[in-house]
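Quick caveat, the model's predicted, so the values are computed rather than measured. Note on naming: letters A, B, ... go to the chains in the order of the sequence lines (proteins, then strands), and numbering restarts at 1 for each one.
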Amino acid sequence: MSGLLRPRIQFRCLHQSRSLRGLSHHLSTPRPPRTGWEYRTGMSVTDSTDRTESDLVAARRAKLARWRDDLGIDPWGCRVDGLVPLAEARSMFDEAAADAIDGDPPPDTDPRPRAAVAGRVIQHRAMGKLCFMVLRDESGDLQISCSKAELETSSFKLASKVDYGDIIVAAGPIGRTKRGEICIWADRFEVHCKSLAPPPEKFHGLTDAEQRYRRRYVDMYATPGTMETFLRRSQIVSEIRRFMEEHDFIEVETPMMQPVAGGAAARPFVTHHNALDIDLYLRIAPELYLKRLLVGGMRRVFEINRNFRNEGISRRHNPEFTMMEAYEAFGDCESVMSLTESLFRKLAGGTVAFGDLMIDYEAAFERTTYGDLFEKTHGCDMRDADAVRKVASSKGFDDASTKDPWLLVEALFDEAEEAIDPSRPTWVTDFPAPLSPLSRPHADDPSIAWRAELFIAGMELGNFYTELNDPDIQRARFTEQLAGINDEDAAFRSLDEDFLDALLVGMPPAGGFGIGIDRVVMLMTGNTSIRDVVLFPLMRSDGGSE
RNA sequence: GAUCGCGUAGCUCAGUCGGUAGAGCAACCGCCUUUUAAGCGGUAGGUCCUGGGUUCGAGUCCCAGCGCGAUCACCA
């Protein structure tokens, strides 16, 4: 429930059309030939047909050829059974067994535990007849030592010549070096993948943000912290899923290609189905489909998946983003708010740092109403149209005298959001009904809707509603919204008649909510840019195959 | 979309007042059996983002473009 069919679309469209014009101009402009090929291989492009390898790539290819021709090895590897993750091999280290070996000649039976491991070489130190290397996999790092005395000649040659970035398999007893480093003393050593690309700097990894996002596969192994963030993301999504299932929600998948893009006010992406010869929209929200499922009889449903919005990119916005939406029949705004509060409490497990903020999820979240926040910031009642116009006019809005006063309230509310303490998770409740066309108005005051938003660290985390299930009011709301939109939006916005038919069949009263999963991950991992929690954030095309 | 900042070797970064393009890591050759960003000796590696301009001379100054980042706007 990501948003609404809001009249605000009018000015968003002005904004969007500028960006679209900018984009088409951009696409028609020839770009300098800095291609993906260069990023990947370090080769430089001398003209459109002739590619010259960099010395670094040439050296790696030459090494590959020598291994294949002189040592007869297949550098591309094969299936290997019985491998253990590096962290697990490290944990198998046995102090007593290592002590038994130290100093004295090894006994007939080596008491040290053995392990076979695989990993990418991230450090390599060759010292003549001995070499050390550090391997990395998703579980961590582990040192391997290869001695000329312990390995077959060809294996030792390989071990002493592997490059940063190669993927190897090694096996042997898990011991310790003189300096106390846990280490596998390899008696088996094989290369299972030759890396031909020039590696990044081995201590800093990639620091240039552009390269980190464009070449995430390098960033993941080379930059400290990247893998941890994405493993944590995976855990968080898994915890959320488990939490929802424990609360008797069932997971569903609804269309991402929709004939009518509804459930939010965003501008959609358009695609085309050839056989049916129809345009389809990538969904901007799953809301209207999930509500159909309540009509069909499901009591509690949720969906975690991508939405696509054809809008700007920022530190907090990626055009495709992951959202969880959930609907609970016979719940309401309050029931889904308290469910969410306990979800956040569980995910955070206390206080989590985000930038300079220390955010406490244990205490009850703050609450304020939209109207109070508005009045505190602007000194007038949001229902007082004349006063609102006066404030808007004093803030320099050109359309202060003609625009719908509720749209002025919405525009002015941005400033009010800044009054929310970013270090305290805060509910803003009782949104204006005219800005909330999918939620139920209060019985005693139809200008106020049963709708709340959650704010944390200055970010909007999600929307929470008592759902509107009166088909006549819903139709009227949709119709009002459509009446106010401009030509540009009218092209992709229309009444979802099938959804209204579903409401005629009858949807039980319900609470519903949507939360931005990427933003939850940002909060839980302390990343202040969404690009650091999305594996492959959208980047401007940079020529070549990127 | 606006404003500000950045773009130099494969990577991480220096580059003074406009005066011959620098270092570390990585690479190549040699030495080295307990290293920890190993060490020592040697070698090679550049479209200084692109295109104009100013100048005797531009990595450096000016203009335009491209890309990235930050802030703002819009949104979750």
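- A salt bridge links A:Lys395 with A:Glu415: the distance from a Lys NZ or Arg NE/NH1/NH2 to an Asp or Glu carboxylate oxygen falls below 4.0 Å.
- Rounded to whole Å, atom C1' of B:rG39 lies 15 Å from atom NE2 of A:His124.
- Going from the P atom of B:rU55 to that of B:rG10 covers 34 Å, rounded to whole Å.
- Proximity note for A:Ser314 (side chain, C-beta onward) versus B:rA44, B:rG69, B:rA73: the nearest is B:rA73.
- Across the protein-nucleic acid pair, A:Arg214 atom CZ and B:rC66 atom P stand 14 Å apart, rounded to whole Å.
- With B:rC11, B:rG69, B:rA27 as the candidates, the nucleotide lying closest to the side chain of A:Ala59 is B:rA27.
- The distance from atom CG of A:Asp219 to atom P of B:rG10 is 20 Å, rounded to the nearest whole Å.
- Between A:Trp427 and A:Phe464, the two ring planes are perpendicular [angle over 60°; tilted spans 30° to 60°].
- Between A:Asp518 and A:Arg316, none of the side-chain N atoms (NZ, or NE/NH1/NH2) sits under 4.0 Å from a carboxylate O, so this pair counts as no salt bridge.
- Ring planes of A:His378 and A:Phe374: tilted class, angle from 30 to 60°.
- Nearest to the side-chain atoms of A:Met539 among the listed nucleotides B:rC29, B:rC68, B:rA27 stands B:rC68.
- Straight-line distance between the P atoms of B:rC40 and B:rG53: roughly 48 Å, to the nearest whole Å.
- Relative orientation of the A:Phe344 and A:Tyr361 rings is parallel, given thresholds of 30° and 60° on the angle between their planes.
- Nucleotide B:rA37 forms a pair with no other nucleotide shown, judged by Watson-Crick or G-U wobble geometry with both contacts under 3.5 Å.
- Using Watson-Crick or G-U wobble geometry with both donor-acceptor distances under 3.5 Å, B:rC6 finds its partner in B:rG67.
- Residues passing the side-chain hydrogen bond (donor to acceptor under 3.5 Å, both in side chains) test with A:Ser314, sequence neighbours excluded: A:His317.
- To the nearest angstrom, P of B:rG69 lies 12 Å from CD of A:Gln211.
- In this structure, the nucleotide among B:rC68, B:rG10, B:rA44 sitting nearest to the side chain of A:Pro198 is B:rG10.
- For the pair A:Arg267 CZ and B:rG1 P, the interatomic distance rounds to 13 Å; values are reported in whole Å.
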Polar atom pairs (N or O), protein with nucleotides 33-37 of chain B, under 3.5 Å:
unit_1	atom_1	unit_2	atom_2	d
B:rU33	OP2	A:Met127	O	3.4
B:rU33	OP2	A:Lys129	N	3.0
B:rU34	O2	A:Lys178	N	3.0
B:rU35	OP2	A:Arg179	NE	2.6
B:rU35	OP2	A:Arg179	NH2	3.1
B:rU35	O2'	A:Arg125	NE	3.3
B:rU35	O2	A:Arg125	NE	2.8
B:rU35	O2	A:Arg125	NH2	3.0
B:rU35	N3	A:Gln143	OE1	2.9
B:rU35	N3	A:Gln143	NE2	3.0
B:rU35	O4	A:Gln143	NE2	2.5
B:rU35	O4	A:Thr177	OG1	2.9
B:rU36	OP2	A:Arg179	NH1	3.1
B:rU36	O4	A:Thr177	OG1	2.7
B:rA37	O3'	A:Lys202	NZ	3.4

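- Separating the OH atom of A:Tyr164 from the P atom of B:rU12 is a distance of 11 Å, rounded to the nearest angstrom.
- Using atom P as the reference point in both B:rU50 and B:rC56, the two lie 25 Å apart (nearest Å).
- B:rA27 and B:rU43 make up a base pair, with Watson-Crick or G-U wobble contacts both under 3.5 Å.
- Spacing between atom CG of A:Asp163 and atom P of B:rA26 amounts to 11 Å, rounded to whole angstrom units.
- Look at the C1' atom in both B:rG65 and B:rG7: the space between them is 14 Å, to the nearest Å.
- Of the C1' atoms belonging to B:rU54 and B:rA64, the separation is 15 Å, rounded to the nearest Å.
- In the model, A:Tyr289 has no side-chain atom that pairs as donor or acceptor with a side-chain atom of A:Glu287 under 3.5 Å.
- A:Phe536 is linked by a ring-ring contact (aromatic ring centres under 6.0 Å, His included) to nothing, counting only residues two or more places apart in sequence or in another chain.
- The interatomic distance linking A:Ile313 (CD1) with B:rA2 (C1') rounds to 16 Å, in whole Å.
- Heavy atoms of A:Arg531 sit under 4.0 angstrom from primed sugar atoms or phosphate atoms, though from no base atom.
- Nucleotide B:rG19 forms a Watson-Crick or G-U wobble pair with B:rC56, both donor-acceptor distances falling under 3.5 Å.
- Taking atom P in both B:rC25 and B:rU36, one finds a spacing of 14 Å when rounded to whole Å.
- In summary, A:Asp70 and A:Lys157 do not engage in a salt bridge, as defined by a charged side-chain N under 4.0 Å from a carboxylate O.
- Within the nucleic acid shown, A:Ile530 comes within 4.0 Å of at least one base atom, counting heavy atoms only.
- The residue A:Ile517 sits apart from the nucleic acid: no heavy atom pair falls under 4.0 Å.
- For the C1' atoms, the distance from B:rC6 to B:rA14 is 15 Å, rounded to whole Å.
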